[in-house]
Every structure is written in C-alpha cells, then in structure tokens.
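Input: a single structure, listed below in structure tokens.
Lettering of chains follows the sequences in order, A, B, ..., and the numbering in each one begins at 1.
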Amino acid sequence: MKIATYNVNGINGRLPRLLEWLEETRPDVACLQELKTADERFPIDAIRAAGYGALWSGQKAYNGVAILARGSDPVEVRRGLPGDPTDLHSRYLEAAVEGILVASIYLPNGNPQPGPKFDYKLAWFARLHAHAAALLERSQPTVLAGDYNVVPTDRDIYNPASWLDDALLQPESREAYRTLLAQGWIDAIRTRHPDDFTIYTFWDYLRNRWARNAGLRIDHLLLSPDLGPRLVDAGVDREVRGREKASDHAPAWVVLG
DNA sequence: ATGTCGAGCAAAGCTCGA
C-alpha cells in the first residue's frame, strides 16, 4: 500500500500536474495540502475521473487539505485538529482507508518569527502533540502525512546559512518535531534513507533554488510504531518539481507491506 | 532587500501568504 503526501500549492492552478502525477505513480492514498480553494471549487469530477474518491477541507485562497483514495471513498474520521474552536484554518483532515488511519496535515508556516504567526505555529504543534498521543492510545495503524513546515535537522537542508531566521529552522520548531517523534512516531523517509542528506521535498521558487538543488526536507510521513515492520520503501518523486507550472513541493511517499 | 509563485479583487496591477 502506497501512501503519498503532496503540497500542491493551489489545486486548480496545478490540476494537470496533479492528475499527471496520480496517473504515473498511482498511490493508493494521496494526502494533499495547500488546496487554496473553497470547498465548492474543489475539482472532484476530475479526481473521480482519475479513479480516486476524495475528502477535502477547503478554504478560499489559503490552506486547505484533502485525502484521496484510489478506487474507494475515504471514510472521514475527523475534520480539524481538536483543542481550539476559534482556529478556523483548514489544516487537518483524518480518514480511514483500508484499515489505516491517515491524516493530511498542513502545519502553519510561522513566518515571520518572532511574532503572532510563529506563536500560532507552536500552539498548533502543541495541539498536534496532544492529538497524536491520543491516536497512539487507540493502537490503530496510523500515518500522519503532510507539510510540517519544519526542517528537522541541518542534515535536512542544503545549507542552513540563509535560513537561520526562518520559522522552519527555529530551535522551537525542531524541538516540537522531536517531541512528536519521541511519542514513538517513525519518520519514514529518514528511516528508509538514513544517510541521504540531499533528499528534499521543497525548493523555493526564489533564487534558482531548484536548479541548484537548494532544497529542504519539510514534508514528512510519520508512521505509528506498529507500522515500523511494514515499512517497505519510502521516497520523493523529485522530478515532479522540475516540470512546467510545478508546485514548489515534490510528493513524498511510503510503501507499506 | 533580494525575487517567484497562486489567488483575490476586479478588470490591471496591487496585496497577501508562502
């Protein structure tokens, strides 16, 4: 079973790219982020025509997450991260697909830092810690997939020098990611590629960063501990980033046996 | 500051968020 995560950076503007990738790689589950569209403009007809059922939580212009399942309709379990009823951003969706609980996560970027956006990022992370711990208590195979907006270590970026003030590299962001892993979650990409320090998922549009492979690893697939023995493979569909009208992220994926 | 995108608003270039 192949589960992927892909920050599409505008699902309508990049729909041909998304459909092409689905056709080429046929993931069983695809978690999408940054839909940047209201619910009523989600391109469900094109996605169904590609062979996928879908759940989505949209928002006009910003955020937005979805879960696609090949040949079936994902069963919605949760919409929105618990812990703050005043938080209206569409950043979390959870569904059951073939016995696996899958979450599509779009963690706040947090820039500029310090400031209210960074505070929101850390508060969102704290809510994720609480919910992720509750998920582990249920002992159901679970995958938390998405754009975490965290570069876990300096081994996950081409060169941290020009990003030192960025929210993605702050010690607080990294500590929050480590705290999540310490609950027992397995970072599938890093576990499968322990010594590959050029495996990235995001290349900024600015300053020719794709051509220079000046990337960051910020999209992650976290597996519940029971899925550890089922980890067969994991990777990044890097070439997708190099295409016309590409998102600034590439899809990342895991195969479970 | 740099400089690249999508999307909204509204009718073209600006603003915002990333």
Side-chain angles (χ1 to χ4, degrees), chain A residues 5-21 31-44 46-47 56-66 81 87-92 104-125 128 145-152 156-170 172-174 176-177 200-220 236-252:
Chain A
T5 182
Y6 186 15
N7 178 322
V8 293
N9 191 12
I11 193 168
N12 286 309
R14 310 208 192 268
L15 186 59
R17 286 286 89 89
L18 172 63
L19 297 174
E20 174 183 80
W21 169 72
C31 298
L32 309 180
Q33 300 86 34
E34 278 210 89
L35 305 179
K36 293 186 171 180
T37 191
D39 279 338
E40 56 272 23
R41 298 192 56 207
F42 183 83
I44 184 59
I47 284 169
W56 60 96
S57 174
Q59 182 180 334
K60 187 165 74 173
Y62 307 118
N63 310 316
V65 287
L81 189 62
D87 180 6
L88 301 178
H89 290 199
S90 295
R91 296 183 178 277
Y92 189 90
S104 182
I105 292 174
Y106 181 46
L107 215 128
N109 174 294
N111 281 304
Q113 74 79 32
K117 292 188 176 180
F118 192 60
D119 296 341
Y120 172 60
K121 176 179 197 156
L122 298 180
W124 207 96
F125 234 135
L128 182 59
D147 178 359
Y148 283 75
N149 270 312
V150 177
V151 175
D156 299 298
I157 183 169
Y158 65 103
N159 178 356
S162 57
W163 295 82
L164 292 177
D165 293 330
D166 195 283
L168 279 56
L169 277 75
Q170 291 314 297
E172 297 93 329
S173 305
R174 290 175 161 182
Y177 188 74
Y200 307 131
T201 67
F202 166 84
W203 297 258
D204 203 304
Y205 291 120
L206 278 62
R207 299 177 222 178
N208 205 28
R209 286 203 162 109
W210 166 247
R212 295 191 290 128
N213 195 27
L216 289 67
R217 193 174 73 90
I218 60 174
D219 299 87
H220 308 301
V236 176
D237 293 330
R238 179 176 202 291
E239 68 285 354
V240 169
R241 175 62 180 84
R243 295 177 179 170
E244 283 296 312
K245 299 275 286 180
S247 167
D248 43 5
H249 294 249

Exercise. Which class fits the ring pair Y148(A) and Y177(A): parallel under 30°, tilted 30 to 60°, perpendicular over 60°?
Worked result: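 Because their plane-to-plane angle is over 60°, the rings of Y148(A) and Y177(A) count as perpendicular.
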
For this session: Classify the ring geometry between W56(A) and F42(A) as parallel (under 30°), tilted (30 to 60°) or perpendicular (over 60°).
Result: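 Rings of W56(A) and F42(A): parallel, as their planes differ by under 30°.
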
For this session: List the protein contact pattern of nucleotides 12-18 of chain B with one symbol per nucleotide (5' to 3'): B for base contact, S for sugar-phosphate-only contact, - for none; contact means a heavy-atom distance under 4.0 Å.
Result: -----BS

What integer distance in Å separates [X]:[atom1] from [N]:[atom2]?
X	N	atom1	atom2	value
L35(A)	dG8(B)	CG	P	12 Å
Q59(A)	dG8(B)	CD	C1'	13 Å
R209(A)	dT2(B)	CZ	P	15 Å

Pairwise [atom1] distance, [M] and [N] [rounded to whole Å]:
N	M	atom1	result
dA7(B)	dA12(B)	C1'	15 Å
dC16(B)	dA1(B)	P	15 Å
dC5(B)	dA10(B)	P	26 Å

Exercise. Looking at R41(A), does any N or O in its side chain come under 4.0 Å of the phosphate oxygens OP1/OP2 on dG8(B)?
Worked result: yes

Exercise. Taking only N and O in the side chain of K245(A), is any of them less than 4.0 Å away from OP1 or OP2 of dC5(B)?
Worked result: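 Checking dC5(B) against K245(A), no side-chain N or O comes under 4.0 Å of OP1 or OP2.
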
Exercise. Only one of N149(A), D165(A), D166(A) forms a side-chain hydrogen bond (donor to acceptor under 3.5 Å, both in side chains) with N111(A), so which one is it?
Worked result: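 Output: one option passes, namely D166(A).
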
For this session: Show the numbers, then the answer: is there a side chain to side chain donor-acceptor pair (under 3.5 Å) between D248(A) and W203(A)?
Result: CA-CA 6 Å; D248(A) 43 5; W203(A) 297 258; over 6 Å; no

For this session: Could you check N208(A) against G10(A) and say which one's nearest nucleotide on DNA chain B is further toward the 5' end?
Result: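 It is N208(A) whose nearest nucleotide is closer to the 5' end.
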
Seminar exercise, completed: The nucleotide from dA7(B), dG3(B), dG8(B) with an atom nearest the side chain of R207(A) is dG3(B)

Exercise. Are Y106(A) and H89(A) an aromatic pair by the rule of ring centers under 6.0 Å?
Worked result: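 No, ring centres 6.0 Å or more apart.
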
For this session: May I ask you to decide whether R243(A) forms a salt bridge with E20(A), counting only side-chain N to carboxylate O separations under 4.0 Å?
Result: yes

